[in-house]
S.K.: 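One structure is given below, represented as structure tokens, and several questions about it will come after.
As the structure lists them, so they are numbered: ligands from 1, and atoms in each ligand from 1.
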Amino acid sequence: MDNIKYLILGAGISGLAFAYEKRDSDWLVLEKESHPGGLCQSFYAPGFVWDVAGHFFHFHSDKTKQFVKEMLEGVELCNVTKCAKIFYADRYMSAPFQYNIHQLPPDEFMQCLTDLYFATEPQGNVSFKEFVRQKFGRGISDKFLIPYNEKLYACDLDELERDSMGKFLPKLSFDMLMTFYRGQKGTTYNDFFLYPREGTMQLINSYMNRLDTSRIHLGEAAISIDTDNRTVHTEKGDYHYEHLVSTLPLNNFMRMARTGKPDLLHSNKILILNLGFDLPSRDKEVNWIYFPGDEVFYRVGFYNNIAPREKMSLYVEIGCRSDETIDIEKMLERTLVDLKRVRIVDEHRLESYHPVIVEPAYVHISQQGKAETDCVIKEMQSRNVHMVGRYARWEYSAIDDSIEQAQELSNII
Ligand SMILES: Cc1cc2nc3c(=O)[nH]c(=O)nc-3n(C[C@H](O)[C@H](O)[C@H](O)COP(=O)(O)OP(=O)(O)OC[C@H]3O[C@@H](n4cnc5c(N)ncnc54)[C@H](O)[C@@H]3O)c2cc1C
């Protein structure tokens, strides 16, 4: 049996970021798929570059931004100033909704403003639905925050706990409202972002180019994990570890390690349709649009306005329950009808498309699930098993978080 100091499960951004930190030590990555990258994949069709839905580099820390820029040295990067919109009541308005309520018809603006004035700081263990209603008032919540997030999470928001979206839920103050009302630009963490012209996979390639790839075993899935004896079993053999770093979805990890109650962890799944058309897009500025209404999709992004290309290139995201059977062709048909209705498609003809299903995509953070997650992560830590990344920690986080978590862990173990 091989003895490995740092055994890493998964070659997505989290696994590779940790391997990179330990590149001069004894490490090994086991990856189920025949390619690295996890959700940071890119797909190529003539004239089009697509990801698993657009994967853009937003940063909370300048240090991480600098690090990623150095990793991407030599890669053509697009520096983008965000332009996001919302399709509400048959009109386009600016996003985020809560800062731009002055763009609503006057009676709806007054309703949102009055409800916001009487809003109170939520107290105690309220659900996510109750949390947003108390914090932002009924107007903003019932017009956008609740219908949009119910489409995205594909569940009743009463099932989620109050802080489910954490830092991704834009904060709101009257000062901020006035800033936007006066037409000035307020600042949110993702006003600017970076994107490699040839897709997010470029970041994965940059890591792969700097690592000894003979230590990355592609097509070798972990099947079972024995945390008493510190071994991982695969179809090709057994590995003994000193430290195990898992980036696998926590519920799957729990099943493999026979620990905790994985059935308490729930998530949605999403269908992503990457669509390439024969004509340019009408809107040359928008990066993505949120749809809280009855369209089949909750968000549509424009790759061609992010990494400029002549023809319209979209990603369309559709939230589904985890037990739902997805009929891709039917969803594509509905999508094309709805894209016409919202005036994104007119004379356009679909040239090529690429569907991807992601599960888990957005984890459902419930009170019970969170308690179970915290308990399992703590118990595993005491056994030298460490979780890194959005799905391993069963949270709402992004690529920069994966990189920072990997760096922080590497400083400790
Ligand atoms: C629709 C969508 C859009 C997003 N957009 C952005 C964005 O714009 N910007 C951003 O920063 N973040 C974005 N994110 C979040 C981002 O995708 C994640 O934070 C990040 O990719 C997580 O990386 P990871 O390595 O932790 O997990 P993954 O990418 O899921 O990697 C885990 C790896 O483990 C492998 N694996 C699974 N089971 C096994 C097994 N048994 N044995 C061995 N290997 C196994 C998988 O094949 C995979 O390669 C988005 C997420 C979604 C769903």
S.K.: As an exercise, identify every atom of ligand 1 less than 4.0 angstrom from a heavy atom of S397.
M.R.: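 Every atom of ligand 1 under 4.0 Å from some heavy atom of S397: 15 (C), 19 (O).
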
S.K.: Starting from atom 29 (O) of ligand 1, which protein heavy atom do you reach first, and at what distance in Å?
M.R.: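 So the nearest neighbour among protein heavy atoms is L39 N, 2.8 Å.
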
S.K.: Identify, with sequence neighbours excluded, every residue that meets salt bridge (Lys or Arg N to Asp or Glu O under 4.0 Å) alongside E351.
M.R.: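 Here the qualifying residues are K311.
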
S.K.: Check D401 with R393, please: is the shortest side-chain N to carboxylate O separation under 4.0 Å?
M.R.: no

S.K.: Is there a nitrogen or oxygen of I399 sitting under 3.5 Å from a nitrogen or oxygen of ligand 1?
M.R.: yes

S.K.: What protein heavy atom lies closest to atom 5 (N) of ligand 1? Include the residue and the distance to one decimal.
M.R.: G54 O, 3.5 Å

S.K.: Numbering the atoms of ligand 1 from 1, which are under 4.0 Å from a heavy atom of E33?
M.R.: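 Counting from 1, the qualifying ligand atoms are 47 (O).
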
S.K.: So if I count the atoms of ligand 1 from 1 in the order they appear, which ones are less than 4.0 Å from some heavy atom of C40?
M.R.: 21 (O)

S.K.: Identify the closest protein heavy atom to atom 34 (O) of ligand 1: which residue and atom is it, and at what distance?
M.R.: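 Protein heavy atom at minimum distance: G10 CA, 3.3 Å.
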
S.K.: Looking only at protein heavy atoms, identify the closest one to atom 8 (O) of ligand 1 and say how far it is in Å.
M.R.: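 So the nearest neighbour among protein heavy atoms is F56 N, 2.8 Å.
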
S.K.: Could you tell me whether the side chain of F128 reaches within less than 4.5 Å of the side chain of R162, counting heavy atoms only?
M.R.: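 A side-chain contact under 4.5 Å is absent here.
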
S.K.: Could you tell me whether R133 and D142 make a salt bridge, using a distance below 4.0 angstrom between a side-chain N and a carboxylate O?
M.R.: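 A salt bridge links R133 with D142.
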
S.K.: Need the ligand 1 atom indices (1-based, order shown) with element for anything under 4.0 Å from a heavy-atom of E317.
M.R.: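 Those qualifying, in numeric order: 1 (C).
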
S.K.: Could D323 and K269 be called an ion pair, given the rule that one side-chain N must be under 4.0 Å from one carboxylate O?
M.R.: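 Judged by the 4.0 Å cut-off on N to carboxylate O distance, D323 and K269 do not form a salt bridge.
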
S.K.: Quick check on the 6.0 Å ring-centre criterion: do Y298 and F291 meet it?
M.R.: no

S.K.: Starting from atom 30 (O) of ligand 1, locate the nearest protein heavy atom and write down its residue, its atom name and how far away it is, to 0.1 Å.
M.R.: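 Heavy-atom neighbour on the protein nearest atom 30 (O) of ligand 1: Y391 CD1, 3.9 Å.
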
S.K.: Is any NZ, NE, NH1 or NH2 atom of the basic residue among K65 and D62 found under 4.0 Å from an Asp or Glu carboxylate oxygen of the other?
M.R.: no

S.K.: So between R255, Q41, R390, M256, whose heavy atom ends up nearest atom 52 (C) of ligand 1?
M.R.: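 Considering heavy atoms of R255, Q41, R390, M256, the nearest to atom 52 (C) of ligand 1 sits in R390.
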
S.K.: Quick one: which ligand 1 atoms are inside 4.0 Å of a heavy atom on G389?
M.R.: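 Within the 4.0 Å cut-off of G389, ligand 1 contributes 26 (O).
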
S.K.: Using a 4.0 Å heavy-atom threshold (strictly under), name the region of I270 that reaches ligand 1: side chain, backbone, both or neither.
M.R.: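 I270 to ligand 1: side-chain contact only, backbone stays beyond 4.0 Å.
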
S.K.: Geometry only, no angles: is H55 polar-contacting ligand 1 at N/O separations under 3.5 Å?
M.R.: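 Yes; the residue has a nitrogen or oxygen that sits under 3.5 Å from a nitrogen or oxygen of the ligand.
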
S.K.: Ring of Y362, cation from R390 - is the NZ or CZ under 6.0 Å from the centre and inside 45° of the axis?
M.R.: yes

S.K.: Starting from atom 25 (O) of ligand 1, which protein heavy atom do you reach first, and at what distance in Å?
M.R.: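 Ranked first by proximity to atom 25 (O) of ligand 1 is S14 N, 3.0 Å.
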
S.K.: For ligand 1, which atoms, with element, lie under 4.0 Å from some heavy atom of G38?
M.R.: 29 (O), 31 (O), 48 (C), 49 (O)

S.K.: Is there a polar contact, in the sense of an N or O pair closer than 3.5 Å, between L248 and ligand 1?
M.R.: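 No, no N or O pair falls under 3.5 Å.
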
S.K.: Does a salt bridge link K135 with E121, judged by any charged N lying under 4.0 Å from a carboxylate O?
M.R.: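 Answer for the salt bridge query: yes.
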
S.K.: Any ion pair linking D400 and K63 (charged N to carboxylate O, less than 4.0 Å)?
M.R.: no

S.K.: N/O to N/O below 3.5 Å, does that happen between E31 and ligand 1?
M.R.: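 There is such a contact, yes.
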
S.K.: Below a 4.0 angstrom heavy-atom separation, can you tell me which part of P36, side chain or backbone, both or neither, approaches ligand 1?
M.R.: neither

S.K.: Parallel, tilted or perpendicular: which describes the rings of Y290 and F144, with under 30° parallel and over 60° perpendicular?
M.R.: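 The arrangement is perpendicular - the two ring planes meet at more than 60°.
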
S.K.: Please state which protein non-hydrogen atom is closest to atom 31 (O) of ligand 1 and give its distance, to 0.1 Å?
M.R.: G12 CA, 3.7 Å

S.K.: As an exercise, state the distance from NE2 of H348 to CG of L339, rounded to the nearest 0.5 Å.
M.R.: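 Here the rounded value is 10.0 Å.
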
S.K.: Looking only at the side chains, is there a donor atom on one of N384 and H386 sitting less than 3.5 Å from an acceptor on the other?
M.R.: no

S.K.: Based purely on interatomic distance, does A222 place a nitrogen or oxygen under 3.5 Å from a nitrogen or oxygen of ligand 1?
M.R.: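 Between A222 and ligand 1 (N or O atoms, distance only) the closest approach is under 3.5 Å.
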
S.K.: I need the nearest protein heavy-atom contact for atom 20 (C) of ligand 1: residue, atom name and distance, please.
M.R.: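 Ranked first by proximity to atom 20 (C) of ligand 1 is I13 CG2, 3.9 Å.
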
S.K.: Quick one: does K32 get an N or O within less than 3.5 Å of an N or O on ligand 1?
M.R.: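 Yes: some nitrogen or oxygen of K32 is under 3.5 Å from one in ligand 1.
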
S.K.: Can R258 and D228 be counted as an ion pair, charged N to O under 4.0 angstrom?
M.R.: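 Salt bridge between R258 and D228, a charged N being under 4.0 Å from a carboxylate O: no.
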
S.K.: Output yes when the distance from some N or O of ligand 1 to some N or O of E220 is under 3.5 Å, and no in every other case.
M.R.: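 Between E220 and ligand 1 (N or O atoms, distance only) the closest approach is not under 3.5 Å.
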
S.K.: Any nitrogen or oxygen of A361, main chain or side chain, under 3.5 Å from a nitrogen or oxygen of ligand 1?
M.R.: no

S.K.: Counting only pairs under 3.5 Å, give me each side-chain donor-acceptor contact of residues 37-51, with atom names and distances, residues two or more places apart or in other chains.
M.R.:
unit_1	atom_1	unit_2	atom_2	d
Q41	OE1	H35	ND1	3.4
Q41	NE2	H35	ND1	3.1
Q41	NE2	P36	O	2.8
Q41	NE2	G38	O	3.2
S42	OG	D51	OD1	2.9
S42	OG	T200	N	3.1
S42	OG	M201	N	3.0
Y44	OH	E198	O	2.7
W50	NE1	S313	OG	3.0
D51	OD1	Y195	OH	3.3
D51	OD1	T200	N	3.2
D51	OD2	H55	N	3.1
D51	OD2	Y195	OH	2.9

S.K.: What part of F57, side chain from CB on, backbone N/CA/C/O, both or neither, has a heavy atom under 4.0 Å from ligand 1?
M.R.: neither

